[in-house]
Every structure is written in structure tokens, then in C-alpha cells.
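Everything below concerns the one structure shown next.
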Amino acid sequence: MRIAVIGIVIEKDRSAAGKVNEILSEYGDYIMGRMGIPSPENAVFVISVIVKATNETISALTGKLGRIPSVNVKSAVTNKEII
């Protein structure tokens, strides 16, 4: 298992937010923390998620999120294995 920070940016409108939240709920057991910052005047909504999971799980989560239209995803994963 590793700790990762996943940055999610939803652009244009909030229509993708429902699907993003649905996917995050699927991976809820791995999520350690989450913060969302809306900026509707700029049509941007930012979510940061901290997860503790295997590389495979992190990749699956970011892959699902990245396939949603109007959603950009980036992750930073620790190199150190943790328990």
C-alpha cells in the first residue's frame, strides 16, 4: 500500500460532479481525506483526495475519473510501501 494525493479538476459546469462522487464513493474504503473547493465564477471545481491503497487501486481510480468528460486528474504517489 502507498499514500497518494489525487487532484481532480472539473471544468465548465458541475454536471460531471455526480459521476465523480459516485466513483469516489466506490473507493471510499481507501480514502483518508478529501477537500473540495468550488469556483463557480471561473467554472472550475477542484477536489483533492488522499488515499491509502495499492498502485493498482490508485491507477484504477484515477483511470475511471480521467474518462469522465470535463474532468482532469493527476496523482502523486509515495515511493515508500506502508502498512
Exercise for the section: Among residues two or more places apart or on two chains, list those pairs meeting salt bridge (Lys or Arg N to Asp or Glu O under 4.0 Å) that have a residue in residues 23-39. Expected result: Glu26-Lys64
Problem - Selection residues 74-83 - residue pairs positive for side chain to side chain donor-acceptor pair (under 3.5 Å), sequence neighbours left out - result: Arg2-Glu81
Handout entry: Transitive ILVMFWY side-chain link Val77 to Ile8, under 4.5 Å
Key = yes
Problem - ILVMFWY network linking Val5 to Met1, side-chain heavy atoms under 4.5 angstrom - result: yes
Practice task
Determine yes or no for a side-chain-to-main-chain donor-acceptor pair under 3.5 angstrom, with Ser25 supplying the side chain and Asn21 the backbone.
Solution key: yes
Completion exercise
In terms of heavy-atom contacts, Ser59 and Thr62 come closest through O-OG1, 3.2 Å
Problem - Considering all heavy atoms, the nearest Ser39-Phe45 contact - result: N-CD2, 4.1 Å
Problem - Pair Val51-Ile58, side-chain contact (heavy atoms from CB on, under 4.5 Å): steps then yes or no - result: CA-CA 8 Å; Val51 297; Ile58 295 165; 4.0 Å; yes
Practice task
Of all the heavy-atom pairs spanning Leu24 and Ile31, show the shortest one and how long it is.
Solution key: O-CD1, 3.5 Å
Handout entry: Shared hydrophobic cluster for Val20 and Tyr30 (ILVMFWY, side-chain gaps under 4.5 Å)
Key = yes
Practice task
Indicate the atoms forming the closest heavy-atom contact of Pro69 with Ala16, along with that distance.
Solution key: O-CB, 3.7 Å
Practice task
Given side-chain contact (heavy atoms from CB on, under 4.5 Å), test Ile10 with Ile47 step by step and report yes or no.
Solution key: CA-CA 8 Å; Ile10 303 170; Ile47 303 169; 4.3 Å; yes
Exercise for the section: Please tell me if the side chains of Ile23 and Ile68 come closer than 4.5 Å, counting only heavy atoms from C-beta onward. Expected result: yes
Problem - Within 6.0 Å of OH in Tyr27, more than 12 heavy atoms from elsewhere - result: yes
Problem - Nearest-0.5 Å distance, CD of residue Glu11 to OG of residue Ser70 - result: 7.0 Å
